[in-house]
S.K.: 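One structure coming up, written as structure tokens, with questions to follow.
The structure displayed is predicted, hence computed values, not measured ones. Note that the numbering runs from 1 along the sequence shown for the chain.
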Amino acid sequence: LRVDQCAMLAAATIARRLTSDLRTIGDRLGEFGRQVKGFVLQFATFVGNVNPGNSAFVADGLKMAFAPELYSETRQRILEQSEDLRVSGRSLRFFPDKVSFEKASAKTFVTGKQEIVSASGAIKEQEVVYEMQIKIRDGMPVVSAFDYYTGAPRTLEWLAKNSARDKRD
């Protein structure tokens with residue numbers, strides 16, 4: 001073989017190998033995304049159904065699920081929300097209906113309907129989103145970023161649209 005033929009053969013071999021390696025990495029990321037979706041669905045359901053009777057259990061149960069730098073703040077938020085519910089006589093119920101994973105931001109969104117039940121039994125419904133980023137620490141999934149809000153998931157596309165709208169206003 002001539003030098004130019006050897007170089008072309010080597011380039012083709014490297015390209016095939018690189019394509020194969022990238023496909024394997026993509027498959028692994030796809031599996032990670034599926035595992036993350038299951039974890040965040042359970043997590044959102046757990047947090048979304050907190051009430052005064054189970055708030056300490058929920059808050060303590062989340063210790064291993066949260067990155068240490070987030071846990072204290074989140075625990076405090078859960079306990080404060082629970083106290084607000086206790087004082088007002090309200091309760092919350094969360095019914096998830098979709099889990100989506102945005103690869104570009106590594107965010108996972110759990111959306112669904114939240115029912116706020118008043119002391120008199122009246123029900124107010126709203127669409128809510130639990131937004132999380134998950135990291136693997138010591139082989140376990142850990143929530144490394146967390147937010148909760150009403151409305152639509154704040155994907156990169158949503159953020160770009162709303163940032164542009166804010167600039168126009």
S.K.: Closest heavy-atom contact between A44 and M132?
M.R.: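 Looking at all heavy atoms of both residues, the closest pair is CB-CE, 4.3 Å.
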S.K.: Strictly below 4.0 Å, N to O, side chains only: are E80 and R77 in salt-bridge contact?
M.R.: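 No, this pair does not count.
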S.K.: Got a donor-acceptor contact below 3.5 angstrom from the T150 side chain to the V128 backbone?
M.R.: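 Side chain of T150 to backbone of V128, a donor-acceptor pair under 3.5 Å: no, none is there.
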S.K.: If I take atom CD from residue E157 and atom CG from residue N162, how far apart are they, to the nearest 0.5 angstrom?
M.R.: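 With rounding to 0.5 Å, CD (E157) is 10.5 Å from CG (N162).
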S.K.: Hydrophobic clusters here meaning ILVMFWY residues chained together by side-chain heavy-atom distances under 4.5 Å, can you tell me if V99 and F146 are in one?
M.R.: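 Yes, because V99 and F146 connect within a single hydrophobic cluster, where side-chain heavy atoms sit under 4.5 Å apart.
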S.K.: Give the intermediate values and the outcome of side-chain contact (heavy atoms from CB on, under 4.5 Å) for residues Q114 and R93.
M.R.: CA-CA 6 Å; Q114 181 183 60; R93 294 188 293 226; over 6 Å; no
S.K.: Where is the tightest heavy-atom contact between I134 and P141, given as atom of each residue plus distance?
M.R.: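 The pair with the smallest heavy-atom distance is CG2-CB, 3.8 Å.
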S.K.: Show the nearest heavy-atom pair for residues S82 and P52, with the distance to one decimal.
M.R.: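 Looking at all heavy atoms of both residues, the shortest contact is OG-CA, 3.0 Å.
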S.K.: Under 3.5 Å, is there a donor on one side chain and an acceptor on the other for Y149 and E127?
M.R.: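 No, no side-chain donor-acceptor pair sits under 3.5 Å.
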S.K.: Mind telling me whether F66 and Y71 have parallel, tilted or perpendicular rings, with 30° and 60° as the class edges?
M.R.: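 It falls in the tilted class, 30° to 60°.
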S.K.: Please check if L79 and F43 belong to a single hydrophobic cluster, counting links between Ile, Leu, Val, Met, Phe, Trp and Tyr side chain heavy atoms closer than 4.5 Å.
M.R.: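 Looking at the clustering, F43 is in a separate group from L79.
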S.K.: Under a 4.5 Å cut-off applied to non-hydrogen side-chain atoms, are R75 and D60 in contact?
M.R.: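 Side-chain contact under 4.5 Å: yes.
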S.K.: Rounded at 0.5 Å granularity, tell me how far OG1 in T108 sits from NZ in K103.
M.R.: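 That separation rounds to 12.0 Å.
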S.K.: If you look at every heavy atom in V129 and P153, which pair is closest and at what distance?
M.R.: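 Reported closest heavy-atom pair: CG2-N, 3.7 Å.
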S.K.: For the pair R90 and D84, find out whether any cationic side-chain nitrogen is under 4.0 Å from an anionic carboxylate oxygen.
M.R.: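 No, no charged N to carboxylate O under 4.0 Å.
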S.K.: Taking all atoms of both residues into account, what is the closest heavy-atom pair of N54 and N49, and its distance?
M.R.: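 The answer is ND2-O, 3.4 Å.
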S.K.: Could you walk me through whether I123 and I116 satisfy the side-chain contact (heavy atoms from CB on, under 4.5 Å) test, starting with their C-alpha distance in whole Å, then the side-chain angles of each, then the deciding distance to 0.1 Å, before giving a yes or no?
M.R.: CA-CA 6 Å; I123 298 174; I116 303 168; over 6 Å; no
S.K.: Is there a side-chain contact between L92 and N51, using heavy atoms and a 4.5 Å cut-off?
M.R.: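 Side chain of L92 against side chain of N51, heavy atoms only: no contact under 4.5 Å found.
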S.K.: Before accepting this row, confirm whether a basic side-chain N of the pair E125/K113 lies closer than 4.0 Å to the acidic partner's carboxylate O.
M.R.: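 K113 and E125: salt-bridged.
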S.K.: In Å and rounded to the nearest 0.5 Å, what is the OG to CZ distance from S91 to R86?
M.R.: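 With rounding to 0.5 Å, OG (S91) is 14.5 Å from CZ (R86).
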S.K.: Do the side chain of E102 and the main chain of L156 share a donor and acceptor less than 3.5 angstrom apart?
M.R.: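 Yes: the side chain of E102 pairs with the backbone of L156.
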S.K.: Do T45 and Q42 meet the criterion of a side-chain donor-acceptor pair at a distance under 3.5 Å?
M.R.: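 Short answer, no.
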S.K.: Answer whether the closest heavy-atom distance between the side chains of F109 and F101 falls below 4.5 Å.
M.R.: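 Not in contact.
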S.K.: Does the side chain of V143 come within less than 4.5 Å of F39's, by heavy atoms?
M.R.: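 The answer is yes; the side chains approach within 4.5 Å.
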S.K.: Are L70 and V50 connected in the hydrophobic side-chain network, where two residues link if heavy atoms are under 4.5 Å apart?
M.R.: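 Yes, one cluster joins them.
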S.K.: Which atom names give the shortest non-hydrogen contact between A67 and S144, and what distance separates them?
M.R.: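 Between these two residues, the closest heavy atoms are CB-CA, 4.2 Å.
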S.K.: Are L41 and V58 connected in a single hydrophobic cluster, I mean Ile/Leu/Val/Met/Phe/Trp/Tyr linked by side-chain heavy atoms less than 4.5 Å apart?
M.R.: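 Result: yes, single cluster for both.
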S.K.: Does one hydrophobic cluster hold both Y148 and V40, with members joined at side-chain heavy-atom distances below 4.5 Å?
M.R.: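 Yes; tracing contacts between hydrophobic side chains, which count when under 4.5 Å, links both residues.
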S.K.: What is the distance from atom NZ of K107 to atom CD of Q133, rounded to the nearest 0.5 Å?
M.R.: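 The NZ atom of K107 sits 6.0 Å away from the CD atom of Q133.
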S.K.: Find out whether D147 and R154 are in side-chain contact, i.e. whether some heavy atom of one side chain is under 4.5 Å from a heavy atom of the other.
M.R.: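 D147 vs R154: side chains touch.
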S.K.: Would you call E69-R137 a salt bridge at under 4.0 Å N-O?
M.R.: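 A salt bridge links E69 with R137.
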